[in-house]
Amino acid sequence: QNPPHEYFHLVHQYLAPVQLPVWLFEGSASFFGEMIGYSNFSNPVPRKLQQGFNTGHDFDPDNAGFDPNRFEKWLATATSADLTKVFKVLETEPARARRYYAEYALGSWATEALVAVYGVDGFMKIWQNAGNGQSFETAFKSAFGLTPDEFYVKLTPYLNSRKNPKIN
């Protein structure tokens, strides 16, 4: 999945050579990298937490310490407020070690949800809007008809469902 992931970053730079939230930048590259890189289209590989960057293996947003099952447990119980808080960090604090916030996994699933609802062409409108000088919030609302915060609330039930059934 690495070549399509990195290629998608070139698409980002071409369409919107501006800084957008890391969850959108890395997450969309991860999503498209996984879809193109792991799938042979006649027998697609199911997306799992174990694939690619979607492990959240260093997830530690509150510096409570490492637990290999923490991300999955958090996903299963995260409220919309919890989720919004993490996504807001991924919007505004690129200097912090991002892996502690599972930017690839959360961003990939957020991208998956947006592509499922708006299609690839609809999803790409955010990049076009940002490339035309719109702020992230304005580009997002123009592309999807809701604010990022409203999206995070709507995304919560889907992310809650991402829990691995083997984890209690």
Side-chain angles (χ1 to χ4, degrees), residues 8 12 15-16 18-35 46-49 51-64 67 69-165 167-168:
F8 203 74
H12 294 149
L15 292 176
V18 296
Q19 179 125 18
L20 289 172
V22 69
W23 73 260
L24 183 61
F25 184 76
E26 291 297 351
S28 61
S30 290
F31 171 76
F32 287 104
E34 291 168 10
M35 294 303 100
R47 296 184 72 211
K48 299 177 184 176
L49 283 169
Q51 285 182 285
F53 295 109
N54 283 344
T55 61
H57 65 277
D58 288 335
F59 185 71
D60 188 18
D62 53 9
N63 295 312
D67 171 353
N69 298 322
R70 184 169 185 203
F71 184 54
E72 290 183 273
K73 289 177 181 177
W74 180 82
L75 279 176
T77 61
T79 65
S80 58
D82 297 332
L83 194 67
T84 298
K85 181 179 176 182
V86 167
F87 271 95
K88 292 309 248 183
V89 168
L90 293 173
E91 281 182 26
T92 61
E93 296 182 29
R96 170 108 157 60
R98 301 177 315 223
R99 70 176 188 256
Y100 299 131
Y101 293 92
E103 79 277 15
Y104 290 93
L106 294 174
S108 180
W109 288 322
T111 299
E112 181 176 55
L114 291 168
V115 169
V117 173
Y118 300 97
V120 172
D121 290 341
F123 173 76
M124 294 306 292
K125 287 180 183 175
I126 190 170
W127 298 100
Q128 295 160 349
N129 294 344
N132 288 331
Q134 293 181 10
S135 68
F136 165 64
E137 292 80 8
T138 302
F140 196 95
K141 181 146 182 149
S142 295
F144 309 122
L146 65 166
T147 67
D149 288 358
E150 291 168 334
F151 170 65
Y152 304 148
V153 170
K154 289 181 173 279
L155 185 63
T156 301
Y158 175 65
L159 291 181
N160 291 153
S161 76
R162 300 299 358 162
K163 183 181 180 306
N164 184 333
I167 304 296
N168 294 322

S.K.: How many angstroms lie between CZ in Phe59 and OH in Tyr100, if you round to the nearest 0.5 Å?
M.R.: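 Reported value, rounded in 0.5 Å steps: 13.0 Å.
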S.K.: Considering non-hydrogen atoms only, spot the tightest contact between Ala16 and Gly131 and give its length.
M.R.: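 Residues Ala16 and Gly131, closest heavy atoms: CB-N, 3.7 Å.
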S.K.: His12 and Phe25: which non-hydrogen atoms are nearest, and at how many Å?
M.R.: CE1-O, 3.0 Å
S.K.: Please report the shortest heavy-atom distance between Ala102 and Phe71, naming the atom on each side.
M.R.: CB-CE1, 3.5 Å
S.K.: For residues 148-155, dump all side-chain donor-acceptor pairs below 3.5 Å to protein atoms at least two apart in sequence or in another chain.
M.R.:
residue: Asp149; atom: OD1; partner: Lys88; partner atom: NZ; Å: 3.1
residue: Glu150; atom: OE1; partner: Thr147; partner atom: N; Å: 2.8
residue: Glu150; atom: OE1; partner: Thr147; partner atom: OG1; Å: 3.4
residue: Tyr152; atom: OH; partner: Trp23; partner atom: NE1; Å: 3.2
residue: Tyr152; atom: OH; partner: Glu91; partner atom: OE2; Å: 2.3

S.K.: State whether the side chain of Ser161 and the backbone N or O of Tyr158 hold a donor-acceptor pair below 3.5 Å, judged by distance alone.
M.R.: yes
S.K.: For the atom pair OH (Tyr118) and CD1 (Ile126), what is the distance rounded to the nearest 0.5 Å?
M.R.: 10.5 Å
S.K.: Quick one, Val115 and Phe32 - any side-chain contact, counting heavy atoms below 4.5 Å?
M.R.: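 Heavy-atom side-chain distance check passes, below 4.5 Å.
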S.K.: Give, for atom CD of Gln128 and atom CZ of Phe123, the distance between the pair rounded to the nearest 0.5 Å.
M.R.: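 Atom-to-atom, Gln128:CD and Phe123:CZ are 11.0 Å apart.
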S.K.: Test side chain to side chain contact (heavy atoms under 4.5 Å, CB included) on Val22 and Tyr101 and set out the steps.
M.R.: CA-CA 10 Å; Val22 69; Tyr101 293 92; over 6 Å; no
S.K.: Could you report the tightest heavy-atom contact between Trp127 and Ser28, atom names first, then the distance?
M.R.: CZ2-OG, 3.5 Å
S.K.: Looking only at heavy atoms, what is the nearest atom pair of Pro61 and Val86, with distance?
M.R.: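 Taking every non-hydrogen atom into account, CB-CG2, 4.5 Å.
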S.K.: Tell me whether Asp62 is salt-bridged to Lys85, with the criterion being a basic N under 4.0 Å from an acidic carboxylate O.
M.R.: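 Looking at Asp62 and Lys85, the cut-off is not met.
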S.K.: With sequence neighbours excluded, tell me which residues meet ring-ring contact (aromatic ring centres under 6.0 Å, His included) with Phe136.
M.R.: Phe140
S.K.: Output the distance between atom CG (Leu159) and atom OG1 (Thr77), rounded to the nearest 0.5 Å.
M.R.: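 One gets 12.0 Å once the value is rounded to the nearest 0.5 Å.
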S.K.: Are the side chains of Leu90 and Leu24 in touch, meaning some heavy atoms are under 4.5 Å apart?
M.R.: no
S.K.: Drop me the distance from Asp82's CG to Thr156's OG1, to the nearest 0.5 angstrom.
M.R.: 8.5 Å
S.K.: Measuring from atom CE of Met35 to atom OG of Ser30, what distance do you get when rounded to the nearest 0.5 angstrom?
M.R.: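 The distance works out to 10.5 Å.
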